Engineer: 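Once you've had a glance at the structure underneath, I'll fire off some questions.
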Amino acid sequence: MHIRRAVPADAEELCSLLNEIIRTGGTTALETPLSAAEFTDWFIDGEFTLVCHVAEHDGLLAGFQSLSLYGDPPKGFADIATFARTNPKIPGVGSALFPATRAAGEELGFEFINATIRADNVSGLAYYTRMGFEDYDRLVQVPLLDGTPVDRIKKRFKLGTSRHTSSE
């Protein structure tokens, strides 16, 4: 798997990957599909975007991971988002992306990376735990667009540590 920085030319394919995840539901707080322009702004070169990496596998963009300052995180924190292609499912995308994202967070001088995950996203919670993230807060009963309350688990990864992460 090849990891590199995302560029605006990736937006269409990555947006399609993300919109499939959004339409399937249950694993992301995002509930409304994005246009390629919105995707570019949110994840590649917008005002709050810090860095976005993509994983390429057999000619496909298999997934992406971004760091941003969306939502005004606490001082010293950058927010992470991770999305991997579901069709076809390609194992190990998140594990392959995290070292580059972690290094970028350290280079940018952050103390922590924050992940906010829906409590019903079992695979997302397991992924961030495997990467070394630890629970530190919980947002209780955040309503989805249809009004369904779903907790959000906040996990953080302390940068500057030499944790070993296992592969997916």
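Just so it is clear, the model here is predicted, and its values are computed rather than measured.
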Engineer: Quick one: CE on Met131 to CG on Leu97, what's the gap to the nearest 0.5 Å?
Structural biologist: 10.0 Å
Engineer: Over 60° means perpendicular and under 30° means parallel, so tell me whether Phe83 and Phe43 are parallel, tilted or perpendicular.
Structural biologist: perpendicular
Engineer: I want to check something: taking the side chain as every heavy atom from C-beta on, are Val142 and Val150 in contact at a cut-off of under 4.5 Å?
Structural biologist: no
Engineer: Quick one: pull up OG1 in Thr86 and CZ in Arg23 and give me the separation to the nearest 0.5 Å.
Structural biologist: 9.5 Å
Engineer: Okay, side chain of Glu13, backbone of Asp10: is any donor-acceptor separation there less than 3.5 Å?
Structural biologist: no
Engineer: Apply the test side chain to side chain contact (heavy atoms under 4.5 Å, CB included) to residues Leu125 and Lys155: give CA-CA distance (whole Å), side-chain angles for both, the deciding distance (0.1 Å), then the verdict.
Structural biologist: CA-CA 9 Å; Leu125 290 167; Lys155 292 177 160 290; 4.0 Å; yes
Engineer: Would Glu134 and Lys154 pass as an ion pair if we require N to O under 4.0 Å?
Structural biologist: no
Engineer: Considering non-hydrogen atoms only, spot the tightest contact between Gly124 and Ile117 and give its length.
Structural biologist: C-CG2, 4.1 Å
Engineer: Any sub-3.5 Å donor-acceptor pair from Ser35's side-chain atoms to Glu38's backbone N or O?
Structural biologist: yes
Engineer: Please determine whether residues Val51 and Leu69 belong to a single hydrophobic cluster, defined as Ile, Leu, Val, Met, Phe, Trp and Tyr linked transitively by side-chain heavy-atom distances below 4.5 Å.
Structural biologist: yes
Engineer: State yes or no: do Ile153 and Val122 share one hydrophobic cluster built from I, L, V, M, F, W and Y residues joined by side-chain heavy-atom distances below 4.5 Å, directly or via other members?
Structural biologist: no
Engineer: Atom CH2 of Trp42 and atom CG of Leu14: how far apart are they, to the nearest 0.5 Å?
Structural biologist: 15.0 Å
Engineer: Quick check for you: to the nearest 0.5 Å, what is the distance between Ile3 atom CD1 and Met1 atom CE?
Structural biologist: 6.5 Å
Engineer: Are Val7 and Ile44 side-chain neighbours, meaning at least one heavy-atom pair lies under 4.5 Å?
Structural biologist: no
Engineer: Can you tell me how far CG of Leu18 sits from CD1 of Ile22, rounded to the nearest 0.5 angstrom?
Structural biologist: 4.0 Å
Engineer: Do Phe157 and Phe77 belong to the same hydrophobic cluster, where Ile, Leu, Val, Met, Phe, Trp and Tyr are linked whenever their side-chain heavy atoms lie under 4.5 Å apart, directly or via other members?
Structural biologist: no
Engineer: Listing request: all side-chain hydrogen bond (donor to acceptor under 3.5 Å, both in side chains) pairs with a residue in residues 45-58, at least two apart in sequence or in separate chains.
Structural biologist: Arg4-Glu56
Engineer: Can you see whether Phe112 has Lys158 sitting over its ring - NZ or CZ less than 6.0 Å from the centre and within 45° of the normal?
Structural biologist: yes
Engineer: Listed by chain and number, what are the side-chain hydrogen bond (donor to acceptor under 3.5 Å, both in side chains) partners of Asn114, not counting sequence neighbours?
Structural biologist: Asp79, Thr116, Tyr136
Engineer: Would you be so kind as to tabulate the donor-acceptor pairs closer than 3.5 Å made by side chains of residues 60-68, with sequence neighbours excluded?
Structural biologist:
residue	atom	partner	partner atom	Å
Gln65	OE1	Phe98	N	3.3
Gln65	OE1	Thr101	OG1	2.7
Gln65	NE2	Thr82	OG1	2.7
Gln65	NE2	Tyr127	OH	3.0
Ser68	OG	Tyr70	N	3.4

Engineer: I need the Glu107 CD to Leu159 CG distance, nearest 0.5 Å.
Structural biologist: 11.0 Å
Engineer: Check Ile21 against Ala84 and note the closest heavy-atom contact, atom names and distance.
Structural biologist: CD1-O, 3.4 Å
Engineer: Using side-chain hydrogen bond (donor to acceptor under 3.5 Å, both in side chains) as the criterion, list what pairs up with Ser16, not counting sequence neighbours.
Structural biologist: none
Engineer: Among residues two or more places apart or on two chains, list those pairs meeting salt bridge (charged side-chain N to carboxylate O under 4.0 Å, His left out) that have a residue in residues 136-151.
Structural biologist: Arg138-Asp151
Engineer: Is there a donor-acceptor pair closer than 3.5 Å between any side-chain N or O of Thr24 and the backbone N or O of Glu20?
Structural biologist: yes
Engineer: Return the set of residues passing side-chain hydrogen bond (donor to acceptor under 3.5 Å, both in side chains) with Arg152 (not counting sequence neighbours), or none when no residue passes.
Structural biologist: none
Engineer: Which heavy atom of Cys15 sits nearest a heavy atom of Ala36, and at what distance?
Structural biologist: SG-N, 3.8 Å
Engineer: Count I, L, V, M, F, W, Y as connected when their side-chain heavy atoms are under 4.5 Å apart, and connections chain through other members. Are Leu108 and Ile80 then in the same cluster?
Structural biologist: yes
